[in-house]
There are 2 protein chains.
Amino acid sequence: MNDALLIVEDLKNLGLTEYEAKAYLSLLEEYPVNGYTLSKTSGIPRSRIYEVLDSLKNKQLVFEQMEDTMSVYKPLDPKLLIGKFKKSFDSIFYHIEEYSKKVYLKEENDHKLIVIQGRDKIIDFLNLLIHDAKRRIVLSIWEEEINDISQALNDAIQRGVVLRGMYFGRNNPYEQLVTHRRIERHLSEKKERYMTVTVDGIHVLYGIISRGEDSQITWAKDPDFVDMSEDYVVHDLMVNLYANQLDIKQREEYEKFLDHVRKEYFAFTEEEFKKFK
Amino acid sequence: MNDALLIVEDLKNLGLTEYEAKAYLSLLEEYPVNGYTLSKTSGIPRSRIYEVLDSLKNKQLVFEQMEDTMSVYKPLDPKLLIGKFKKSFDSIFYHIEEYSKKVYLKEENDHKLIVIQGRDKIIDFLNLLIHDAKRRIVLSIWEEEINDISQALNDAIQRGVVLRGMYFGRNNPYEQLVTHRRIERHLSEKKERYMTVTVDGIHVLYGIISRGEDSQITWAKDPDFVDMSEDYVVHDLMVNLYANQLDIKQREEYEKFLDHVRKEYFAFTEEEFKKFK
DNA sequence: AAGTAGTAACTACTACAGTAACTACTCCCT
DNA sequence: AGGGAGTAGTTACTGTAGTAGTTACTACTT
């Protein structure tokens, strides 16, 4: 079973050794068994199995039962194992949170830019920010990237985060996004894709993304920069949504539309809105 | 700061090395800084600091910023760090849960007894079970132990779990528990304390608990055994609650009282109740 | 004799902690 | 102008603990 190998890795990430993970998983499938048998089913050398079981017993992930002459072992119910780790991690997280409140000072105005390289890391970081989003996500994104963040986006939408922006691709998966009107031309032309994502008016990620290591985006927390980036997407939206009307109306009408987009569609707060007036 | 040392341990439990933990924590307190400065504030040898920072950069817990000739580093916001680990652990837990559904078969009727030794491990395991309780916790417990499980008990009560039983001690902290009527005599006599705890009619822990390693309790999942243990506490409750009346009423009345206690006070389901008739 | 059950002692490898020594640059002092 | 002190970064090494993996042994059962 290849499946079991992945779970071994998972358990190692929880702090078990490879032997401990294998022993526990083998025990799940067959119990109660004695050390000798477990060594056979798990592939752990007989000479080591008792140390491994001892260590698991100590962590209360395995229990020993005396049966006349010999001991047999059984695993902790996996649900209880998960509960055990959850409890322990929750307390760790709480400690870290309390501690960081004391020593960590957020920079209010951070004008520095940070470069993140490599598609995997970019996607990872993007997911992290979206996961943490509380109010609004504005993006301008291509179909090649949308799948890699759709889970996090759906979660965000679920908990009431406003999603807005431009979608470059066919079969737009989000009604909240507007497909670019000249998408066919773009799709045939580009190998590299410009991307912008802003989160809660705090973070902005922008840059060029492609398949591999050469992808490179910039992360900024400068509020002006975020505003600018959101503005860029607002404009893009504007043009794409009202392109037809723009040809026949005057400049004033155009401005009204812009305000309308910002307020109604983009869910700007009054305060945010004032900054643009 | 001794506080920081504990957090280093916490971070190590999340999979960081000691140097990584120290570096990250030092960065929290002062950033952005270059490698040289960080090595000084964190106590990490200058010769190692760049490897450590590289590794942290790879995990995206630290970000590098080019500043004309040299690099400076800043930490990932601790809140995002917590979110990152939570996400990763949640997915691990999900994997384990799914996997265990496939391979793990719960024993329906488990008549075997398992011995747990050492006060710390007993308390730990007790907390684990209480944490997982869904319907009813019945216990007979001494004041020496109640504090070590009160957090878990309060959580359980909060989510609607029924708590019932006997309390051996002064200043009974739970209205759901009944203080033993001859507690003063008991308190002066005993060094070792008999304890019973049943959870959801599934688990029962019983045995002698004292201060140290010689404490030893037995864990059973045999349903009959659980019933018996609950019955023991019911009787104890009965005697303590209605002691006065017992002297003047007949046997019939006594039985009625017992039923009443089981049904009304103990929240037995009809099904559970039938087993006793 | 073959299989079962458990112990002891070891080798090998790796990750991490910890140290020493080197280059190179800047700034300040006299 | 030259030297010392502090800053900044790099290379290479030692030591150790934990883990993986192996071999050899005893003892008991059937």
Side-chain angles (χ1 to χ4, degrees), chain A residues 4-27 30-59 61-74 112, chain B residues 4-27 29-59 61-75 112:
Chain A
L5 274 178
L6 292 174
I7 306 292
V8 167
E9 285 310 306
D10 283 336
L11 288 173
K12 276 163 86 173
N13 281 328
L14 294 180
L16 302 199
T17 70
E18 184 155 348
Y19 279 171
E20 286 172 344
K22 281 183 180 169
Y24 179 78
L25 290 179
S26 290
L27 260 190
E30 187 190 352
Y31 69 89
V33 293
N34 61 16
Y36 183 84
T37 312
L38 182 62
S39 127
K40 278 199 300 185
T41 58
S42 65
I44 296 165
R46 205 158 69 250
S47 54
R48 302 292 320 285
I49 197 74
Y50 300 98
E51 295 168 45
V52 174
L53 282 169
D54 258 16
S55 157
L56 285 171
K57 251 169 57 191
N58 247 308
K59 294 177 181 164
L61 302 185
V62 153
F63 296 94
E64 187 177 4
Q65 233 175 253
M66 289 307 197
E67 203 149 77
D68 39 271
T69 60
M70 65 176 179
S71 296
V72 291
Y73 301 87
K74 29 173 77 179
K112 298 291 164 44
Chain B
L5 274 177
L6 292 173
I7 306 292
V8 167
E9 286 310 306
D10 283 337
L11 288 173
K12 276 164 86 174
N13 281 327
L14 295 181
L16 302 200
T17 71
E18 184 152 349
Y19 280 170
E20 287 173 344
K22 280 183 181 168
Y24 179 76
L25 291 178
S26 289
L27 261 190
E29 299 198 39
E30 188 190 351
Y31 68 90
V33 294
N34 61 15
Y36 182 83
T37 312
L38 183 62
S39 128
K40 276 199 306 184
T41 57
S42 65
I44 296 165
R46 207 160 67 251
S47 54
R48 302 295 316 287
I49 197 75
Y50 300 98
E51 295 169 45
V52 174
L53 282 169
D54 258 17
S55 156
L56 284 171
K57 252 170 55 190
N58 247 307
K59 294 177 181 164
L61 302 184
V62 153
F63 297 94
E64 188 177 3
Q65 234 175 251
M66 290 305 196
E67 203 149 79
D68 40 89
T69 60
M70 67 176 177
S71 297
V72 292
Y73 301 86
K74 32 173 76 176
K112 297 293 164 43

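Just so we're clear, the structure is a prediction, and the values are computed from it rather than from any experiment. Naming: A, B, ... by sequence-line order, numbering from 1 per chain.
- Residue contacts shown for B:K12 are absent, as no nucleic acid heavy atom lies under 4.0 Å away.
- The listed nucleotides are D:dT23, C:dG6, C:dA17; the one nearest the side chain of B:Y19 is C:dA17.
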A:Y73/A:K57 under side chain to side chain contact (heavy atoms under 4.5 Å, CB included): CA gap, chis, key distance, verdict: CA-CA 9 Å; A:Y73 301 87; A:K57 251 169 57 191; 4.2 Å; yes
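- Across D:dG9, D:dT22, C:dA5, the shortest atom-to-atom separation from the side chain of A:P45 is found for D:dT22.
- When the options A:L56, A:V8, A:V52 are evaluated for a side chain to side chain contact (heavy atoms under 4.5 Å, CB included) with A:Y19, the one that passes is A:V52.
- Here C:dA17 presents its C1' atom at 16 Å from CG of B:L16, a figure rounded to the nearest Å.
- At the phosphate of D:dA20, OP1 or OP2 sits under 4.0 Å from a side-chain N or O atom of A:T17.
- Spacing between atom CG of B:D54 and atom C1' of D:dG9 amounts to 13 Å, rounded to whole angstrom units.
- Put simply, CD on B:E20 is 13 Å from C1' on C:dA17, counting in whole angstrom units.
- Between B:I49 atom CD1 and C:dG18 atom C1' the separation is 13 Å, expressed in whole Å.
- For B:N34, whose side chain is taken as the heavy atoms from C-beta onward, the closest listed nucleotide among C:dG6, D:dT22, D:dG9 is D:dG9.
- Put simply, the residue from A:L16, A:L11, A:L27 that forms a side chain to side chain contact (heavy atoms under 4.5 Å, CB included) with A:L61 is A:L16.
- Judged by distance alone with a 3.5 Å cut-off, a donor-acceptor contact links the side chain of B:S47 to the base of C:dT19.
- Close to C:dG6, at under 4.0 Å from its OP1 or OP2, lies no side-chain N or O of A:Y36.
- Along DNA chain D, the nucleotide nearest A:G15 and the nucleotide nearest A:R46 are compared for position; the residue whose nucleotide lies closer to the 5' end is A:G15.
- Between the side chains of B:S55 and B:E20, at least one donor N or O sits under 3.5 Å from an acceptor N or O.
- Between A:E18 atom CD and C:dT14 atom P the separation is 14 Å, expressed in whole Å.
- In this structure, A:R48 atom CZ and C:dC13 atom C1' are separated by 13 Å, rounded to whole Å.
- Each of C:dG6, D:dT22, D:dT7 was ranked by its minimum atom distance to the side chain of B:K40; first place goes to D:dT7.
- Checking the phosphate oxygens (OP1, OP2) of D:dA8, no side-chain nitrogen or oxygen of B:Y50 falls inside 4.0 Å.
- Going from atom CG of A:L53 over to atom P of D:dT19 covers 15 Å, rounded to whole Å.
- Shortest non-hydrogen contact noted between A:A23 and A:L38 is O-CD1, 3.8 Å.
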